[in-house]
Amino acid sequence: MSNQVRVRFAPSPTGPLHIGGVRTALFNYLFAKKHQGTFILRIEDTDQNRYVKGAEQYIINALNWCNIPFDEGPGKEGGFGPYRQSERQEIYVRYAEQLIASGHAYYAFDTAEDLDFHRKDHEEKGKTFIYNWHNREKLSNSLSLSKEAVEKKLARGESYVIRFKSPKDETLHLTDMIRGEMTIDTNILDDKVLFKSDGMPTYHLANIVDDHLMEITHVIRGEEWLPSLALHYQLYQAFGWEAPQFAHLPLILKPTGKGKLSKRDGDKLGFPVFPLEWKDPQTGDISRGYKEDGYFPEAMVNFMALLGWNPGTEQEIFSLNELVNAFELERVHKAGARFDPEKIKWFNHHYMQEQHDIELAESFKKQKSQLNSIDTAYIAFAVGLIKERATFISELWDLSHYFFEAPASYDEKAMKKAFKEGTKELLHQLISIIKTVEDFTVENLQTQIKGWITSNHISFGNVMMPLRLALVGALQGPDVFDIMFMIGKKETIKRIEHTFKVL
C-alpha cells in the first residue's frame, strides 16, 4: 500500500448527487489535502440498469462548483485508471476466479424461483432465510454439486452468480476511525453475491479490488456502508491484502432530527437537497439546486463541513484552507447531524458580505435586464450600501430599486406617519437648500441640510422622514445622503417635487 494518503469518492451515476454525497466528497478532499495526499473520483457504474445519462457529468460539475475538484478520475488520468468500473470488467473476472480457486468463493446456480421458494418456506416456519454456512451445501452451488456437474452447468452456459464463502464460528475484530473497535460473529453473515449473472461485479468485489489496485489508504464513506464492513475485511483477508483504514460518516438527518434527509423533505420544506439544478432526462422534472437558488459555494462547503464534524472550538466561519488545516477524522461524530436550512442561509449571508461589490454587481446585472444600460461601477456602489441586508443576490432589487428608478408608489402607512401639516412647505425650503449645494457630495449635503435643520430648530424627523419617503417610496434604505449623492441633484429634486402631486 502507498505511503502517501490516497482517498476516493466513489458515487454511482444513478441520478443527481445528494448533499450527503457532497459531504462525503468534501471530507475525503479535506483529509487528502490535510495530509498532502490524492483525492480520487471513481465512478461505480456496475449497475447498468440504474445508470442515468448525464449523472456522471453532473457529479463532476458539482465537485468543481464546490471548489473541491478531484486529482485523479475520468479525464484526469493518474496511472491507476480506468476510473469507471464498467471499463474494468475483465479485472474483476480475474479476481473473482482467484477467490474461487482459493476456496473463498463459489458458483451458485440457484434460480430466482428457487430462492423465493426457500424464503417463503422459512417465513411460514417463522424463520429468516440466510444463504450461508448452515444451508449452502443443501442448495445448488459448486459446494454441494460434484466437480463434473459444475463443469457441465458452466459448459451449458447456465446462469450463475459467484458468492463469497463466509466462514463459520469466527469472530472478526474490526476498527473504524470514527466508531472505534467492533466485533462481528461470522455465523450471522450471509454469503454475499460478488459477481452477478449479467457478468458484472457487485459493489463489494469491485470496490475492494479497485481500492487495492488504486492503492487507497483510507476509505471514508457513509454510514449506510457500515453493515458491509465485515465482508470487506474478509475479502481483504481472502486476497491476502493489507486493508485500508475505514471511517464511516454519520447520517445527515431531517431538520426535525428524525430520519435520514431525503429529497421529499426538501420539497416539503422548500430547500434544495442537490448542489446543482437537475433535470430528469426521463420525466423532464426539474429539482432545485443550491447554485441556482443563489447560494455561494463557500457557504455550502462551510455549512457541510460542520455537519457531523466539530473543530473543537467556537469557530464557525472557515475558508477552505482553514478547513483543510483544522480537519481531523477523529473529531467526526458518530451520531447523525441535523440539517438546518436556516443555518445555511446564515452562512450565505456571511459570504454575501465577503463578496466584492463589483462581482455582486455583475451577477446582479445578469438577473435584472433593467440594469443592462447602467454602469457596473454605479451598481456596485449601490450594492455596497445595501448588501448587509441581503442573503441572496435575488434580494438586491427589492433593497435597491430606488437607486435605478423613481418610486412608482408610496407606502400608505409611511405617508400618514411622515406627511403632516407644514410638511409641504418644509420640502419646498429643502429643495432651495439642495439647489445651493454646488459640490454634490455626501459630506456637503449633510453639512448644508443638517445645518439648516438645526439653525431653524426644526425636528429632524419632520424633514428626514418625508425626504426618505420621496426618494425611496418607503421608510427604508441606507442613509438618505448616500441616496441623494447616488441619484444626483436633479433626480433628488424631481422626486421631492413629485410627492407634492401625491399630497
Side-chain angles (χ1 to χ4, degrees), residues 1-11 17-42 63 66-72 173-182 207 211 214-226 228-229 232-233 242-253 257 260-261 275 297-340 343-344 346-347 350-351:
M1 188 176 291
S2 172
N3 291 323
Q4 182 202 39
V5 166
R6 289 175 60 82
V7 299
R8 49 67 165 182
F9 174 54
L17 182 63
H18 188 275
I19 55 174
V22 175
R23 188 195 59 174
T24 299
L26 173 62
F27 282 17
N28 274 279
Y29 175 89
L30 295 177
F31 186 80
K33 299 311 169 186
K34 174 69 176 280
H35 298 282
Q36 294 79 49
T38 304
F39 173 48
I40 299 157
L41 174 66
R42 188 172 71 223
L63 295 180
C66 291
N67 296 316
I68 51 172
F70 55 92
D71 302 308
E72 291 178 23
H173 297 275
L174 314 178
T175 302
D176 185 277
M177 294 179 71
I178 295 171
R179 294 155 200 281
E181 303 296 322
M182 295 171 280
N207 103 88
D211 285 348
M214 294 181 182
E215 300 183 6
I216 300 302
T217 59
H218 298 77
V219 173
I220 305 168
R221 60 190 181 184
E223 181 182 302
E224 62 271 22
W225 292 112
L226 196 56
S228 302
L229 183 58
H232 296 172
Y233 258 106
E242 179 185 354
Q245 294 188 62
F246 288 89
H248 289 84
L249 307 177
L251 294 175
I252 296 179
L253 304 176
K260 185 178 179 181
L261 180 71
E298 299 90 342
M300 184 172 181
V301 166
N302 199 155
F303 171 73
M304 296 298 293
L306 295 171
L307 279 180
W309 170 77
N310 188 304
T313 67
E314 295 299 314
Q315 183 177 349
E316 289 190 284
I317 301 299
F318 288 87
S319 67
L320 191 56
N321 285 337
E322 287 174 329
L323 285 172
V324 168
N325 292 330
F327 187 75
E328 296 286 351
L329 269 176
E330 291 74 11
R331 298 203 68 87
V332 175
H333 305 160
K334 298 176 187 177
R338 186 176 67 87
F339 185 90
D340 183 354
K343 190 65 176 181
I344 193 171
W346 180 85
F347 278 107
H350 169 81
Y351 284 101

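Panel note: side chain H18, backbone G20; a donor-acceptor pair is recorded below 3.5 Å. Checking side-chain atoms of Q315 against main-chain N and O of I317 turns up a donor-acceptor pair under 3.5 Å. Side-chain atoms of R331 come within 3.5 Å of backbone atoms of N310 as a donor-acceptor pair (strictly under, hydrogens ignored). Looking only at distances, no side-chain donor or acceptor of D71 sits under 3.5 Å from a matching main-chain atom of I40.
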For E72 and R8, run salt bridge (Lys or Arg N to Asp or Glu O under 4.0 Å): C-alpha distance rounded to whole Å, both residues' side-chain angles, the deciding distance at 0.1 Å, then the answer.
-> CA-CA 9 Å; E72 291 178 23; R8 49 67 165 182; over 6 Å; no

So L306 and F347, side chain to side chain contact (heavy atoms under 4.5 Å, CB included) or not? Walk me through it.
-> CA-CA 11 Å; L306 295 171; F347 278 107; 3.7 Å; yes

Could you give me the CA-CA distance, side-chain angles and deciding distance for N207 and R42, then say whether side chain to side chain donor-acceptor pair (under 3.5 Å) is met?
-> CA-CA 10 Å; N207 103 88; R42 188 172 71 223; 4.6 Å; no

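At a threshold of 4.5 Å between non-hydrogen side-chain atoms, the residues P311 and F327 do not count as touching. Counting heavy atoms from C-beta outward, I220 and L329 have side chains that approach closer than 4.5 Å. Looking at heavy atoms from C-beta onward, R338 lies out of side-chain contact with I252 at the 4.5 angstrom threshold. Inter-residue side-chain proximity for N302 and L320 is flagged as unmet; no heavy-atom pair is nearer than 4.5 Å. The closest side-chain heavy-atom distance from V219 to Q245 is not below 4.5 Å. Counting only heavy atoms from C-beta outward, the side chains of M300 and V22 approach each other to under 4.5 Å. Put simply, the side chain of V324 does not reach to within 4.5 Å of the side chain of F31, judged on heavy atoms.
With F246 as the partner, the side chain to side chain contact (heavy atoms under 4.5 Å, CB included) test is satisfied by one option alone out of H218, R221, R179: R221.
Atom-to-atom distance recorded for L307:CG and D340:CG is 9.0 Å, nearest 0.5 angstrom. To the nearest 0.5 angstrom, S319 atom OG is 11.5 Å from N67 atom CG. Here the straight-line distance linking atom CG of L26 with atom CG of L323 works out to 7.0 Å at 0.5 Å rounding. With values rounded to the nearest 0.5 angstrom, L251 atom CG is found 6.0 Å from K260 atom NZ. The structure places CD of Q4 at 12.0 Å from NE2 of H35, a figure rounded to the nearest 0.5 Å. Between the NE2 atom in H248 and the OG atom in S228 there is a gap of 7.5 Å [rounded to 0.5 Å].
Between Y233 and A243 the shortest heavy-atom distance is CE2-CB, 4.3 Å. The shortest non-hydrogen separation linking P69 to F39 is O-CD2, 3.5 Å. Here the closest heavy-atom approach between residue L249 and residue I178 is recorded as CD2-CD1, 3.8 Å. Listed here is the closest heavy atom pair of D176 and L226: OD2-CD1, 4.4 Å. Taking both residues in full, the closest heavy atoms of V5 and T217 are given as CA-OG1, 3.4 Å, listed atom of the first, atom of the second, then distance. Taking all atoms of both residues into account, the shortest heavy-atom contact from P11 to L41 is CD-CD1, 3.7 Å.
For N325, there are no side-chain contact (heavy atoms from CB on, under 4.5 Å) partners at least two apart in sequence or on another chain. K34 is linked by a salt bridge (Lys or Arg N to Asp or Glu O under 4.0 Å) to E328, counting only residues two or more places apart in sequence or in another chain.
Judged by the 6.0 Å and 45° rule, R23 forms a cation-pi pair with F27.
Ring-plane geometry between F303 and F339 is classed as perpendicular, the angle between the planes exceeding 60 degrees on a 0 to 90 degree scale with a lower cut at 30.
Pairs passing the salt bridge (Lys or Arg N to Asp or Glu O under 4.0 Å) check and including a residue from residues 309-322, sequence neighbours excluded, read E316-K343.
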